[in-house]
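Remarks on the structure that follows.
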Number of protein chains: 2
Amino acid sequence: MAQRPKLETVAKRAGVSVATASQVMRGTGRISDKTRKKVLDAAQTLHYVPDARAAAMRSGDNREIGFTIHQIANPFNAEVISGVSDLLESEGYLVSILDSQDDPERQRRQLEAFIRGSRGGLLWVPAHDTPKSTFELLRNHRIPTVTFLRREGFDEFDHVGIRNSEATRTATTHLAVLGHRNIAFLGGLANVETRNQRIAGYLSVMQERDLADPIVWESPDDKMSGMKAMMALQKAHPEVTGVVCNGDMIALGACLALTRMGKQPGKDVSVVGFDNIQDAAVATPPLTTMAVSPRQLGRRLARTLLDRIREPEGPPAVSEVSAELTVRDTTGALTRPS
Amino acid sequence: MAQRPKLETVAKRAGVSVATASQVMRGTGRISDKTRKKVLDAAQTLHYVPDARAAAMRSGDNREIGFTIHQIANPFNAEVISGVSDLLESEGYLVSILDSQDDPERQRRQLEAFIRGSRGGLLWVPAHDTPKSTFELLRNHRIPTVTFLRREGFDEFDHVGIRNSEATRTATTHLAVLGHRNIAFLGGLANVETRNQRIAGYLSVMQERDLADPIVWESPDDKMSGMKAMMALQKAHPEVTGVVCNGDMIALGACLALTRMGKQPGKDVSVVGFDNIQDAAVATPPLTTMAVSPRQLGRRLARTLLDRIREPEGPPAVSEVSAELTVRDTTGALTRPS
DNA sequence: AGCGCCCCAGAAATCGTTTGCTGGAGGGCT
DNA sequence: AGCCCTCCAGCAAACGATTTCTGGGGCGCT
């Protein structure tokens with residue numbers, strides 16, 4: 001058990017040539033069962049594991065793919081990752097996750113290191129304000145890439161996303177039908193693409209239905225921030241009775257704020273979330289939200305990348321999935337007339 | 001912008017030899033400023049990025065490290081990851097995360113793929129019931145490895161952990177001092193090492209103080225499962241007035257269950273969590289918990305690995321950090337006598 | 001015996017780097 | 001002129017695999 005065994009060691013122990021040993025390990029060529037067994041036994045006892053770097057260097061195929069995401073702690077993202085891994089690992093790939101923390105600078109460094117390691121492919125949620133040069137970096141190096149959720153105006157990569165503006169149209173309409181006129185959009189940071197799309201959907205309904213002046217309120221996408229933001233929003237605009245949120249974490253934080261302020265979500269103020277994370281169903285009260293299936297999204301994402309690896313040329317494939325309105329207890333008819 | 005440029009291309013364009021170009025890129029050797037500039041310019045215009053695989057293959061040093069963890073969605077883990085990345089990336093490493101989902105089978109496959117890629121080091125939370133062979137796999141391949149949180153009885157690797165039994169001793173004592181006698185331990189799955197240690201601490205206090213018969217209740221470590229488990233526990237053992245939890249998610253789920261059953265956490269039944277995740281402070285009611293600092297833990301973890309990479313030989317370094325009792329509103333004095 | 005086929009050995013090229021070596025061109029110094 | 005010193009070219013050997021090629025031993029078949 002000295003150093004890491006190489007193929008040559010295995011071959012020597014099995015009494016065959018390295019060429020033959022390689023054939024056996026790769027399952028290629030015509031090898032008799034007897035020889036095959038000898039080699040496999042030798043590899044077993046030596047705990048031989050081939051060096052993927054050397055192999056990839058010569059043969060070119062690379063079964064390691066990366067998934068760069070903006071926020072690893074988000075349970076929605078975690079489920080997407082899980083869906084991606086299921087499919088890709090069953091195809092013999094190793095998927096490793098990089099957490100950019102939505103910082104373009106950090107993302108750039110990570111992607112450069114990623115390219116140095118020359119993996120087989122990349123799944124990527126670009127950080128907000130990702131410069132065009134970062135996209136070009138990937139493209140120039142011919143790395144099979146699928147963007148996810150955001151694409152920042154770069155349309156040369158395959159893409160899997162959510163119909164954001166359609167979803168917030170649905171959410172806002174839902175509130176409007178319930179009688180709400182003072183509806184605000186809450187959550188997310190400026191210049192995030194998905195948020196902009198969601199705001200667009202919200203604004204369009206506000207305008208078409210001639211509701212009150214739109215209010216858009218920023219906040220980081222975690223529960224605590226959502227709570228603080230909702231408190232500030234209520235203070236600044238006490239007339240607001242409906243809130244369309246940029247994510248479930250925000251929405252849960254908002255509900256928290258409302259109950260703390262003595263108001264009842266779904267009665268005094270209606271709140272719609274986005275994502276349908278697991279907590280949404282068991283929250284108090286259970287959250288009305290725009291549901292998308294993260295696992296399904298993950299599988300689609302993985303399949304898109306596999307297709308691209310198989311067929312490097314060809315126009316970018318873009319697919320978007322719809323979010324579905326899931327009504328629970330945080331939305332209700334307007335009680336007090338505004 | 002044809003294919004990926006190699007060092008030879010850069011050298012040719014700069015009018016120098018590959019050896020010289022390599023020296024410049026690595027910053028080694030004695031090279032005049034004029035030549036250096038020529039090479040750097042050529043690399044710039046060609047968008048040259050060195051191939052880390054080929055480099056690592058020859059030189060042996062590898063600046064990619066992996067972090068295999070059992071549950072990526074857990075916010076506590078996410079903060080640890082963040083702490084690890086901060087430190088390691090500032091040292092020029094790329095850290096990629098693998099999600100074993102606490103499945104020994106999946107973990108095994110991932111680690112084998114990881115070894116094939118021969119990275120520079122590994123941070124590892126072993127899945128529950130990880131077989132000894134998996135540990136030996138890593139050891140045999142001489143991969144600098146630091147286990148985190150769990151070590152499953154394998155003491156040949158460096159380790160960073162939490163003083164679990166000390167922590168649950170503190171938590172249980174806290175409840176006992178408040179007058180509780182019927183205290184249960186809730187959460188986690190059988191045969192998970194950290195859980196066993198926490199149970200041990202709990203049991204020791206129950207015995208020393210001659211409290212009621214101990215009750216240990218299983219549950220997966222997410223909020224929804226915790227809620228269900230607490231409901232079942234209350235039905236089976238209505239006399240229980242104190243609960244020591246295996247994690248904050250469980251504890252939050254338990255509080256949820258209590259309020260749904262019309263009981264008030266901290267008044268009717270006292271609950272202590274573990275981890276002090278961000279939600280703990282803003283939950284209703286705010287959660288009493290055993291706090292450990294995930295970022296600090298992450299930095300210590302990273303530093304331990306760096307030390308090991310720098311000095312591959314030598315006895316394993318083990319360090320454990322203490323958890324601190326943070327009293328909030330879910331624990332209170334026993335009101336109705338048992 | 002002769003022929004053909006299956007299986008494999010052995011050698012060599014290749015992937016993109018790093019690293020050590022030899023040796024030479026040029027400059028500054030005595 | 002002679003000598004040393006700096007800077008770099010050019011060659012070559014690694015690293016650990018894959019892949020192709022030639023060639024030959026052994027077997028079965030006619």
Side-chain angles (χ1 to χ4, degrees), chain A residues 2-40 42-43 46-64 113 115-120 141-142, chain B residues 2-40 42-43 46-64 112-113 115-120 141-143:
Chain A
Q3 279 310 316
R4 177 168 183 164
K6 49 169 75 177
L7 191 56
E8 187 190 334
T9 320
V10 175
K12 200 170 290 175
R13 192 175 219 281
V16 303
S17 72
V18 282
T20 306
S22 175
Q23 311 253 66
V24 172
M25 295 309 291
R26 306 208 63 248
T28 169
R30 337 182 48 69
I31 304 289
S32 69
D33 286 345
K34 193 154 57 81
T35 309
R36 179 185 311 282
K37 190 176 181 320
K38 275 197 304 186
V39 174
L40 257 25
L46 287 175
H47 295 102
Y48 172 71
V49 175
D51 186 327
R53 292 176 312 189
M57 204 164 144
R58 167 64 217 239
S59 68
D61 80 312
N62 195 321
R63 284 176 129 36
E64 298 188 25
I115 290 173
R116 271 197 290 278
S118 44
R119 310 304 168 80
H141 284 276
R142 301 257 188 291
Chain B
Q3 279 308 317
R4 176 168 184 162
K6 49 170 74 176
L7 191 55
E8 188 190 334
T9 321
V10 176
K12 199 169 293 174
R13 192 175 221 282
V16 303
S17 72
V18 283
T20 305
S22 175
Q23 311 253 67
V24 171
M25 296 309 292
R26 307 207 59 250
T28 168
R30 339 182 47 69
I31 305 287
S32 70
D33 286 344
K34 192 156 56 87
T35 308
R36 178 186 313 281
K37 189 175 182 323
K38 275 197 303 184
V39 174
L40 257 24
L46 287 174
H47 294 104
Y48 171 74
V49 176
D51 186 329
R53 292 176 313 189
M57 201 164 147
R58 168 62 219 239
S59 69
D61 80 312
N62 194 320
R63 285 179 134 24
E64 297 188 26
E112 280 176 353
I115 290 174
R116 271 198 290 278
S118 42
R119 311 305 170 81
H141 284 275
R142 302 259 187 290
I143 297 186

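First the proteins, then the strands, lettered A, B, ... as listed; each starts at 1.
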Atom CD1 of A:Ile115 and atom CG of B:Asp51: how far apart are they, to the nearest 0.5 Å? 11.5 Å
State, to 0.1 Å, how close A:Ala56 and A:Asn62 come at their nearest heavy-atom pair, and which atoms those are. CB-ND2, 4.3 Å
Please identify which of these residues, A:Val39, A:Ile31, A:Val16, meets the side chain to side chain contact (heavy atoms under 4.5 Å, CB included) condition with A:Gln23. A:Ile31
Between B:Glu112 and A:Val49, does the side-chain contact (heavy atoms from CB on, under 4.5 Å) criterion hold? Intermediate values first, please. CA-CA 8 Å; B:Glu112 280 176 353; A:Val49 175; 5.7 Å; no
Give every pair of a protein N or O atom and an N or O atom of nucleotides 5-7 of chain C that lie under 3.5 Å apart, one pair per line with the distance.
none

At a heavy-atom distance below 4.0 Å, what parts of residues 49-57 of chain B sit against DNA chain D? B:Met57
Does a side-chain N or O of B:Tyr48 approach OP1 or OP2 of C:dG16 to a distance below 4.0 Å, or not? no
Atom CE of A:Met57 and atom CZ of A:Arg53: how far apart are they, to the nearest 0.5 Å? 10.0 Å
Can a side chain N or O of B:Arg4 be found less than 4.0 Å away from OP1 or OP2 on C:dC15? no
Nucleotide nearest B:Thr20 when distance is taken to its side chain, options D:dC8, D:dG16, D:dC11: D:dC8
Side chain of B:Lys6 - closest among C:dT17, D:dT19, D:dG10: C:dT17
Does a nitrogen or oxygen in the side chain of A:Ser22 sit under 4.0 Å from OP1 or OP2 of D:dT18? yes
Whole-Å distance separating the CD1 atom of B:Ile115 from the C1' atom of D:dG16: 16 Å
When the distance from NZ of B:Lys12 to C1' of D:dA9 is rounded to whole Å, what number comes out? 15 Å
A:Asn62 CG - C:dC15 P separation (whole Å): 17 Å
Does any part of the side chain of A:Ser22, heavy atoms only, come nearer than 4.5 Å to the side chain of A:Leu7, both counted from C-beta? yes
For atom CZ of B:Arg36, is the number of surrounding heavy atoms from other residues, nucleotides or ligands below 6.0 Å larger than 12? yes
Can you tell me how far C1' of D:dG16 sits from CG of A:Leu46, to the nearest Å? 15 Å
Would you say B:Tyr48 and B:Arg4 make side-chain contact, with heavy atoms under 4.5 Å? no
Rounded to whole angstrom units, what separation is found between the CZ atom of B:Arg36 and the P atom of D:dC7? 10 Å
For B:Glu8 and B:Arg13, what are the C-alpha separation, side-chain angles and deciding distance, and is it a salt bridge (charged side-chain N to carboxylate O under 4.0 Å, His left out)? CA-CA 9 Å; B:Glu8 188 190 334; B:Arg13 192 175 221 282; over 6 Å; no
Does any N or O donor sit under 3.5 Å from an N or O acceptor when you compare the side chain of B:Arg58 with the base of C:dT17? no
From CZ of A:Arg63 over to C1' of D:dA17, roughly how many Å is that when rounded to an integer? 17 Å
Once you apply a heavy-atom cut-off of 4.0 Å, does A:Val18 come out as touching a base, just sugar-phosphate, or nothing? nothing
When you check the phosphate oxygens OP1 and OP2 of D:dT18, does a side-chain N or O of A:Ser59 lie under 4.0 Å from one of them? no
Just how far, in rounded Å, is P of D:dC7 from NZ of B:Lys37? 19 Å
A:Leu7 atom CG is separated from C:dA9 atom P, nearest whole Å, by 12 Å
Do B:Met25 and B:Thr20 have side-chain heavy atoms sitting under 4.5 Å apart? no
